[in-house]
There are 2 protein chains.
Amino acid sequence: MKPRKRRMTKLPADGPTDAAPVVTLEMVAREAGVSSSTVSRILNGTARVRDGKARAVQAAIAKLRFQPNPVAQSLARGKSMTVGVLTQSLESPFYAEALASIETGLLRANYSPFFMSGHWRDEDERRCVEHLLNRRVEGIILLTSCLPERELVELSRQVPLILTGRRVDAPRIVSLDYDSTQSARLATEYLLDQGHRQIAFIAGPHDHPDALQRYNGYKSALAGRKLPFNAKLVVAGDYYDGGGYAAMTRLIEAGTKFTAVFAANDQSAYGAMLALHRHGLGVPRDVSLIGFDDLPGSAFTIPPLTSVHRSIDEIGQCAALAMVDLIEGRAPLIRLSAATLAIRESTRPLHP
Amino acid sequence: MKPRKRRMTKLPADGPTDAAPVVTLEMVAREAGVSSSTVSRILNGTARVRDGKARAVQAAIAKLRFQPNPVAQSLARGKSMTVGVLTQSLESPFYAEALASIETGLLRANYSPFFMSGHWRDEDERRCVEHLLNRRVEGIILLTSCLPERELVELSRQVPLILTGRRVDAPRIVSLDYDSTQSARLATEYLLDQGHRQIAFIAGPHDHPDALQRYNGYKSALAGRKLPFNAKLVVAGDYYDGGGYAAMTRLIEAGTKFTAVFAANDQSAYGAMLALHRHGLGVPRDVSLIGFDDLPGSAFTIPPLTSVHRSIDEIGQCAALAMVDLIEGRAPLIRLSAATLAIRESTRPLHP
DNA sequence: ATAACGTCTGCAAGCGCTTTCAAAATTACA
DNA sequence: TGTAATTTTGAAAGCGCTTGCAGACGTTAT
């Protein structure tokens with residue numbers, strides 16, 4: 001059979017393709033006068049090699065500007081060097097920020113991420129996972145997945161998993177459960193400390209684990225102070241501005257009294273803020289508002305939003321590191337710093 | 001040599017790996033009693049196959065739940081089925097939204113994107129491109145790249161390119177140049193139509209092509225009305241909230257008079273809004289403010305921000321489609337709808 | 001010197017799929 | 001019914017890299 005001329009970078013004939021000087025291991029080997037195995041070994045440091053040859057090979061690599069083809073490496077090693085990252089919505093600043101740090105974390109270990117978004121829908125999420133698995137990712141990072149625990153455990157038997165925002169115990173699952181319950185409680189207690197007693201809560205997506213934690217935190221703070229829980233003060237949101245707006249509008253129009261609001265995430269808080277404004281209610285003059293996530297934009301709302309702060313960057317880094325550890329068979333060591341309150345200007349003591 | 005037991009999904013021994021039933025073409029072929037070439041052909045529809053066999057193979061595929069290994073396909077075909085997407089900052093809602101639609105667009109054609117962020121720094125951008133090239137992507141989508149034209153042309157000889165926000169002409173480059181100049185002019189003219197004459201401009205990153213276009217649009221609108229251009233009214237920003245805040249603060253403190261502000265992008269506008277607020281200036285009461293990009297959040301600022309709207313989603317879709325066309329040697333057909341003004345509540349006529 | 005051991009290195013067999021080539025099986029045509 | 005023209009198929013050669021094995025070279029001990 002005569003040699004093919006197909007080349008990795010050869011493209012459908014049109015335009016002046018740059019003679020695609022794709023250099024292969026073989027060429028380097030020939031250039032250096034050694035076998036390709038030797039070159040490979042030098043490249044991977046998998047065996048001692050006589051000094052002279054090593055130098056010759058290095059020289060050849062430099063001269064030819066050789067770069068190993070990761071596709072071939074993947075196939076030969078049976079490792080794709082990619083990991084899947086599933087977010088719920090790429091559009092949300094929260095995820096975007098997390099992705100950015102996951103990206104850098106992964107890259108450092110030479111893995112490349114495949115991002116996908118599940119849109120808070122389990123069926124979309126399933127489709128994404130399917131796609132990722134098919135792409136042969138070596139692990140999947142699931143940011144606040146909404147899949148049932150059972151499926152996750154099942155999935156973890158195929159690839160290692162990193163989960164954020166919830167806890168699932170299984171051998172190959174690492175849960176970065178940054179305990180939203182506790183953080184939500186922190187926010188609520190802050191409001192309580194400021195003297196507020198009628199605190200409304202704008203919830204997140206119905207029956208989502210993380211959203212549930214936030215809700216529970218709210219309730220437990222109330223319970224902790226022996227204060228009654230009033231279901232009328234809880235309105236459903238969807239983690240988006242629009243949902244927050246609608247929720248707040250409903251709340252106001254229902255006529256329920258409240259002096260403070262805790263929104264399950266900052267985006268909802270933005271929406272709520274506008275709704276309050278529309279009804280002539282000033283923040284924090286008439287109602288105090290606190291958010292959750294402390295998005296970068298929250299320092300620039302009017303007034304700047306008080307919010308629960310967690311280092312998203314840290315979470316991302318940690319997820320990436322843990323993923324690599326898991327893939328390479330090390331026991332991941334996770335250390336997340338606790339959430340804090342970014343106190344800004346959207347809250348104030350009830351009776352100054 | 002005895003057969004290896006390495007498997008694509010086989011992982012470093014620990015935890016109950018799920019017996020990784022990785023099915024290969026060969027197994028399907030054996031199961032169906034045909035050769036692997038036949039299976040491959042059926043899979044790709046690259047040749048007619050007798051009906052009976054085709055059915056047998058389909059059955060075998062279904063039974064074994066076979067999924068071709070994309071890594072092997074990539075190697076054999078010399079096509080990686082991946083494309084690189086370079087954003088400037090994953091954290092920015094603008095890019096996040098674009099990525100989401102690029103993702104879906106690409107996926108539909110069975111390509112997977114690799115996202116990376118260049119942070120508005122050419123050297124970072126270069127590094128990313130390097131990495132992508134090394135990963136053997138078949139094309140790169142550069143969202144508002146800041147690389148010099150020369151390099152882009154050079155790069156386009158290696159892989160096809162899609163550029164947004166600027167125009168570069170070369171055989172394998174498609175520029176999605178949605179003409180920011182014109183759009184910026186639109187915004188400025190709107191302000192002029194409202195009777196404003198002292199219009200400040202908060203610029204984008206220094207010497208960035210797209211930022212420059214917006215600046216030019218501002219100037220040309222002024223020139224179009226034979227109005228003097230006042231350099232004191234132009235302040236440098238960086239496309240981020242913080243930069244907008246700083247710029248506006250500087251402007252106010254310099255004491256220059258102005259009745260309206262055009263911010264080169266919405267994020268800058270957010271920052272500017274806060275700065276105005278801090279100085280007791282109401283929007284739009286005391287100064288009208290207009291942004292650019294119409295981020296999803298802009299409908300929820302207080303007051304909701306008037307902004308230049310372009311369908312980011314459309315841009316993303318278009319970029320993805322064009323990329324696929326370019327890769328597969330078709331002539332991409334691009335049709336972007338013009339920018340419009342999303343008129344909300346941050347602007348008002350000067351003398352009502 | 002020679003045997004007994006390391007230390008290097010090249011050969012060749014894969015990884016799982018595509019594709020060329022030529023042989024085999026059909027079908028068409030006289 | 002024989003032969004030419006097709007259409008289907010399988011064997012085998014890659015794609016570019018890794019790696020088990022065994023031979024080639026030194027070393028060191030006897």
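Sequence lines set the chain letters: A, B, ... in the order given, protein chains first and strands last, and positions in each chain run from 1.
- Listed nucleotides dC21(D), dC17(C), dG16(D) differ in distance to L75(B); the shortest reach to its side chain belongs to dG16(D).
- Among the heavy atoms of the strands lying under 4.0 Å from T38(A) are primed sugar atoms or P, OP1, OP2 only; no base atom is included.
- When rounded to the nearest whole Å, the span between CE of M81(B) and P of dT18(C) equals 11 Å.
- Contact of R77(A) with dG16(D) (side chain to base): no donor-acceptor pair of N or O atoms is detected under 3.5 Å.
- Contact check, Q73(B) against dG16(C): no side-chain N or O comes under 4.0 Å of OP1 or OP2.
- Nucleotide dT26(C) holds its P atom 14 Å from the CG atom of D51(B), rounded to whole Å.
- Counting any heavy atom pair closer than 4.0 Å across all strands shown, V34(B) reaches sugar-phosphate atoms only and no base atom.
- Considering only side-chain N and O atoms, K79(B) lies nowhere under 4.0 angstrom from the phosphate OP1 or OP2 of dT19(C).
- Applying the 4.0 Å criterion to OP1 and OP2 of dT18(D), one finds that S40(A) has a side-chain N or O inside that range.
- For N69(B), the side-chain atoms get nearest to dG16(C) when compared with the rest of dT9(C), dG16(C), dC17(D).
- Position along DNA chain D of the nearest nucleotide to A72(B) versus R50(B) favours R50(B) as the more 5'-ward residue.
- In this structure, S112(A) OG and M116(B) CE are separated by 7.0 Å, a value rounded to the nearest 0.5 Å.
- Between the side chain of Q88(B) and the backbone N or O of W120(B) there is at least one donor-acceptor pair closer than 3.5 Å.
- Between F115(B) and F115(A), the ring-plane angle classifies as parallel under the 30° and 60° cut-offs.
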Test side-chain contact (heavy atoms from CB on, under 4.5 Å) applied to V28(B) and V23(B), step by step: CA-CA 8 Å; V28(B) 174; V23(B) 189; 4.2 Å; yes
Any protein N or O atoms within reach of nucleotides 24-28 of chain D? Criterion: under 3.5 Å, listing atom names and distances.
none

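- Judged purely by distance below 3.5 Å, without hydrogens or angles, the side chains of S37(B) and S40(B) never pair a donor atom with an acceptor atom.
- Using a 3.5 Å distance cut-off with no hydrogens or angles, the side chains of T82(A) and R135(A) do not pair a donor with an acceptor.
- The nucleotide whose nearest atom lies closest to any side-chain atom of R41(A) is, among dG16(C), dT9(C), dT19(C), dT9(C).
- Nearest nucleotide to the R48(A) side chain, out of dG10(D), dC8(C), dC17(C): dC8(C).
- Between L25(A) atom CG and dT19(D) atom C1' there is a gap of 13 Å when expressed in whole angstrom units.
- In this structure, L43(A) places its CG atom 15 Å from P of dT9(C), rounding to the nearest Å.
- In this structure, I42(A) atom CD1 and dC17(D) atom P are separated by 14 Å, rounded to whole Å.
- Side-chain atoms of S37(A) come within donor-acceptor range of the base of dC11(C), with a qualifying N/O pair under 3.5 Å.
- Closest approach to the T24(B) side chain among dC17(C), dT18(C), dC15(C) is made by dC17(C) (side chain taken as heavy atoms from C-beta onward).
- In terms of modelled atom types and a separation under 3.5 Å, the side chain of E138(A) and the main chain of V83(A) share no donor-acceptor contact.
- When all heavy atoms of D122(B) and C146(B) are compared, the closest pair comes out as N-SG, 4.0 Å.
- A straight line from CD of E26(B) to P of dT18(C) spans 12 Å, rounded to a whole angstrom.
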